Amino acid sequence: MKEQVSESKYTQQHLANERTYLAWIRTAVALAGLGFLAAGIVFRDSRYSGIGHIVAAVAGISAVLLGGGVVAAATGDYMRKREGINNEQFRSSSSLIRLVFVSLTIIEMLLIVLVVLMLLSS
């Protein structure tokens, strides 16, 4: 039979887990804000305005969706680590890190395209 572990035995680890979770939540809020900013970019009438609006919309929606995905993944990761702490096991969150890295790289490329389009339209 498995012995029930008191969470107070691992107070420091639980508090560190909560701080990490809150850092992921701040990251998600920043991503969503970036998405609203990107989606709000307005191009003046120019030959690039059509493609610029499409790229801005895709970058904006992608960033907002990524923010929501980070909240969901971070919450799952928090719960797994909470259980792992109590069971004296540790698993790193490599899949969450990979998801954010790949997604941010794609969004960054879209934002670079936006900046180039803005420069070309001026």
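Atoms considered below: every heavy atom in the structure, side chains included; atoms not considered: hydrogens, waters and symmetry mates. In this text, all values refer to a predicted model and were calculated from it rather than measured experimentally. One is the number of the first residue; the rest follow in order along the sequence.
Atom CZ in F90 sits 5.5 Å away from atom NZ in K81 (nearest 0.5 Å). Within the model, atoms OG of S95 and CG of D77 stand 7.0 Å from one another, a figure rounded to the nearest 0.5 Å. For the atom pair CD1 (I85) and OG1 (T11), the distance works out to 10.5 Å, reported to the nearest 0.5 Å. Separating the CG atom in L66 from the CD1 atom in I107 is a distance of 4.5 Å, to the nearest 0.5 Å.
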L114 vs L110, side chain to side chain contact (heavy atoms under 4.5 Å, CB included): CA-CA, chis, key distance, verdict: CA-CA 6 Å; L114 274 177; L110 289 170; 6.0 Å; no
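G67 and A28 make their closest contact through O-CB, 3.3 Å (heavy atoms, listed as atom of the first residue, atom of the second, distance). The minimum heavy-atom distance between T75 and Y21, with the atom names listed, is OG1-OH, 2.9 Å. The nearest pair of heavy atoms linking L96 to W24 is CD2-CE2, 3.5 Å. When all heavy atoms of A56 and A38 are compared, the closest pair comes out as CB-O, 3.3 Å.
The closest side-chain heavy-atom distance from M109 to T105 is below 4.5 Å. Looking at H14 and N86, their side chains come closer than 4.5 Å, going by heavy atoms from C-beta outward. Side-chain contact between Q13 and E88: absent, with no pair of heavy atoms (C-beta onward) separated by less than 4.5 Å. Inter-residue side-chain proximity for L34 and L111 is flagged as met; some heavy-atom pair is nearer than 4.5 Å.
L37 and V115 are assigned to two separate hydrophobic clusters, defined by single-linkage of ILVMFWY side chains at heavy-atom distances under 4.5 Å. Linking ILVMFWY side-chain heavy atoms closer than 4.5 Å, directly or via other members, places M79 and Y10 in two distinct hydrophobic clusters. At a threshold of 4.5 Å between side-chain heavy atoms, the hydrophobic network of Ile, Leu, Val, Met, Phe, Trp and Tyr places V58 and L120 in one connected group. Cluster membership for L99 and V71, using ILVMFWY side-chain heavy atoms within less than 4.5 angstrom, is not shared. L31 and I25 are assigned to two separate hydrophobic clusters, defined by single-linkage of ILVMFWY side chains at heavy-atom distances under 4.5 Å.
One N or O on the side chain of N87 and one on the backbone of E83 form a donor-acceptor pair closer than 3.5 Å.
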